[in-house]
Structures are given as C-alpha cells and as structure tokens.
Amino acid sequence: MADTSETRSADSAAHGAQRSRLRRLMRYLPLIAPVLLWAVPCWLLLYAGQHWPLPVALAGTALFALGLVGMPLAMVRGHGRRQQDWAAIVGDTLLGASWVLFTWSVLLGVLLRFALTVTGVGDGQDRARIVTWASLATAAVLLAWGYVEARRVPRVRRLDVQLPRLGAGLDGTRVVLITDTHYGPLDRARWSARVCETVNTLQADLVCHTGDIADGTAERRRAQATPLAAVQATRARVYVTGNHEYYSEAQGWVDLMDELGWEPLRNRHLLLERGGDTLVVAGVDDVTAHSSGLTGHRAHLAGALHGADPDHPVLLLAHQPKFIDRAAAVGVDLQLSGHTHGGQIWPFHHLVRLDQPTVAGLSHHGTRTLLYTSRGTGFWGPPFRVFAPSEITLLVLRSPQRPPSP
C-alpha cells in the first residue's frame, strides 16, 4: 500500500502543476479570447460551406470585425483607469453576446449539421444555412432570456443544513446569504432595494454578505449599496471582502458597510448564543487581499478563530470556495462562499472548475466540514445569466439533538 503522505504530496504537486498551467494560460487569455469569440462564429456562420451573396458576406464580416475591435476597446475604457460606465456597459454586453454566439455556433455547427446530414436534409449549402439561422435564433433567445434572469430579483433557495456539533438550543437558526451583488455601471438601486425587501421577509437570525459588493469605489456606488442598511436580522448582519473590493479601494467598502450597520468580519469572529448553546461566526478577508498592498488586509484564519472555544461549532464566511482546504484543515463546520456565480453564462462553469473546488450548492470536505457555494445574488459584467440563476439563500441550521416538535 502506498504511503499516505507520499500520495498527498503527489496529489499536491499535480494540483500545483495544474494551477501553474492555468496561470500561464490566463496571461494570454485577454489576447486570445476576443479573436476566438468573434472569428470562430464569423467563419462558421458566414463561410463554412456557405455561399452568401457578396453584400451579405461583407456586411456580416464587417459586423464581426467591429465586435472584435470594439469589445476590447470598450472593456479597457470601462474597466481600466478611465472607468467610464457607458463603455463598460457596451464592452460587457458585447462580451456576453459573443460568448453565447460562440458557444451555440460551435455546438449547432457540429451537432445540428451532423443530424441534418444523417437524416439527409438538404445539400451542404442548405444545411449550412439552417445551422446559421438556428445559431442566430438560439443566441438571440438565450440573450433575451438571460438578460431578464440577470435583472430580476433572485428567487429564494431554501435548504436545511445539519451540523453535528450544533447544540439543540441553536436548532432552527435562520441564516440568509447574499453575495456578489456587483453594483456597477448599470444603476441597480431599485433592484438593490427589492432584494433587501425580499431578505426581510425571511425572518433571519443572521444575514451574511460574502463579498464582491460592487465594481467601483464605495463613493461611486454608494447609492446602489445604501439599501443594505434596511436589511433586518435578529442577531447580526455580517460581511467579508471579496476579490472585487480589492480592485476598488477595499477599505472604503469596509468603512461603508460598517456605516450601514453591517459588521465586517475581518479575520475575527462573534458569538451567536441561544438556549445555552453557542455558534462561532467567523470571517476572513479574501485570499487576494495579501497582494493588494493594503495594510492589515489578508486572509488569516487563525486570527479569525483566535480565542474561540474549539468545542463550539464554527460558521465561516470566506468569499472564494477554494478557501475550504484551510477551513477543513482546522475543522470548520460550515463555510459560506460565493465568487463563482454558478458559471453565470453556460458553459463557463467548466472554466470556473479549473480554479474552484465547487461551482454551486452544498458539498462535503474533510471529516466534518460543509461548504455552501452560492450562485450569487447579482451578476458581474455581461448583464446575462444563462442556465445559472441568481439566488438569495436561506439556510436553516439543524442540530442532531433538536428538541422534539410540540
């Protein structure tokens, strides 16, 4: 039998090599991705086995070329130093549209074309035209539906979570999770207020926000974040930073959340007590905090749990699911995370899996640690959600020693 320590070392080395390859790929992604996203659909829809009239081919090619040039320029002006909201909206929309068109022109270009060939429908030209119109129609429908999904108030996802170490006095504790609100270039102040109204109908004991409040500084997005002050909880409202805070003056967001009545859990914890039992509610800064250059900002789990009774169950807030390795190593009972958006636009979740252990839902790690990964409450960038609906999550904590129902 292989030595366990050697097996773990080999697994760790393999995982490290995969991460290294991913980082190398990410360096070139901003250069490669726009070309692929626009050139591939252009070829498949206009030229592969097709003979469109010259004006149609030229006009279509010009549109794809405009997207290829315009999208990166708009993204730079919108998300670079200029931070122009109109440019961010244009660039983000083009990014989402090109991703959907790329995905479905490739899928239908292979699957539908094969099906038409097998069934003997039309000649090569007819089949190519059918694929083109089907791809364009599918993309248009999905983008329209995805826009509505992204802009609506999320549905509430409810689930019971049993924690073996939770005392009977805390059975039924209601924890509401919102995350990745991403207030940004599209003004969503009214949406924010409606989300908070929905949260308030859930009668939460604890409300958690696990980061990525906004894209932009606290001063710039204050109007959209202000409704968070109206959120109600019987015990506490707690917040941890996400990676996007560190693109936009994170300390300003920490200060604003404190001003709005939320308790920033920056590598610290509080105690939730009821019926003679105690739950440790801890939080850590995002894992990217250490590279931000901000004094005192880092993910420090030992600091978050310092002074906590090790016999008490721990609920940990950490923005990124990949923090679960550290949480499981010290026996955290439940970690709440966001960050993944559930992939946001299918099939992007496959790329998310290269960086994160889970994309959405409840998962088990180590001997006793649970991880709940939310699909997020808002959206980042492209104003679309395709097969990855947003959510407000209600987790009802259950004790194995729960008192009997009357």
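For this chain, numbers begin at 1 and follow the sequence in order. What you see is a predicted model, and the numbers here were worked out from it, not measured in a lab.
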Are a donor atom and an acceptor atom from the side chains of [X] and [Y] found within less than 3.5 Å of each other?
{"X": "Gln320", "Y": "Asp286", "value": "yes"}
{"X": "Thr369", "Y": "Gln335", "value": "no"}
{"X": "Gln344", "Y": "Arg385", "value": "no"}
{"X": "Thr358", "Y": "Gln356", "value": "no"}
{"X": "Asp92", "Y": "His79", "value": "yes"}
{"X": "Arg152", "Y": "Tyr147", "value": "no"}
{"X": "Tyr246", "Y": "Thr241", "value": "yes"}
{"X": "Thr179", "Y": "His339", "value": "no"}
{"X": "His365", "Y": "Ser363", "value": "yes"}

Legend entry - Gln50 CD to Asp126 CG distance, which is reported to the nearest 0.5 Å: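 It is 10.5 Å, given to the nearest 0.5 Å.
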Inset, instruction - To the nearest 0.5 angstrom, please state how far the CG atom of Leu101 sits from the OG atom of Ser135. - result: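 Reported value, rounded in 0.5 Å steps: 7.0 Å.
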Legend entry - Neighbour count above 12 (heavy atom, 6.0 Å) for Phe348 CZ: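 It does not: Phe348 CZ has 12 such atoms or fewer within range.
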Inset, instruction - Determine, for Trp253 and Arg221, whether the Lys NZ or Arg CZ falls below 6.0 Å from the six-membered ring centre while staying within 45 degrees of the axis. - result: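 Verdict for Trp253: no cation-pi partner in Arg221.
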How close do [X] and [Y] get, counting heavy atoms only, and between which atoms?
{"X": "Arg188", "Y": "Gln224", "answer": "N-OE1, 3.1 Å"}
{"X": "Thr377", "Y": "Ile392", "answer": "CG2-CG1, 4.1 Å"}
{"X": "Leu265", "Y": "Val281", "answer": "CD1-O, 3.8 Å"}
{"X": "Pro227", "Y": "Cys196", "answer": "O-SG, 3.3 Å"}

Does a salt bridge link [X] with [Y], judged by any charged N lying under 4.0 Å from a carboxylate O?
{"X": "Glu391", "Y": "Arg158", "result": "no"}
{"X": "Glu263", "Y": "Arg235", "result": "no"}
{"X": "Arg298", "Y": "Asp285", "result": "no"}

Inset, instruction - Evaluate side chain to side chain donor-acceptor pair (under 3.5 Å) for Ser192 paired with Tyr183, printing each intermediate quantity in order. - result: CA-CA 8 Å; Ser192 179; Tyr183 303 128; 2.9 Å; yes
Inset, instruction - Can you label the angle between the His244 ring and the Tyr247 ring as parallel, tilted or perpendicular, going by 30° and 60°? - result: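 Correct class here is perpendicular.
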Inset, instruction - Could you check whether the rings of Trp145 and Phe387 sit parallel, tilted or perpendicular, using 30° and 60° as the cut-offs? - result: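 Trp145 vs Phe387 ring planes: tilted.
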Legend entry - The single option from Leu206, Thr173, Asp205, Val207 passing side chain to side chain contact (heavy atoms under 4.5 Å, CB included) against Thr234: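 So the option named by the test is Asp205.
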Inset, instruction - Please check if the distance between the ring centroids of His341 and His349 is under 6.0 Å. - result: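 They do not qualify: ring centres at least 6.0 Å apart.
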Inset, instruction - Verify whether the ring centers belonging to Trp346 and Trp104 lie closer than 6.0 Å. - result: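 Under 6.0 Å, so yes.
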Legend entry - Criterion salt bridge (Lys or Arg N to Asp or Glu O under 4.0 Å) on Asp311 and Arg165, from CA distance to verdict: CA-CA 8 Å; Asp311 291 330; Arg165 297 201 301 159; 5.3 Å; no
Legend entry - Counterpart residues, salt bridge (charged side-chain N to carboxylate O under 4.0 Å, His left out), relative to Arg222 (two or more places apart):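 With sequence neighbours excluded, Arg222 shows a salt bridge (charged side-chain N to carboxylate O under 4.0 Å, His left out) to Glu259, given in chain and number order.
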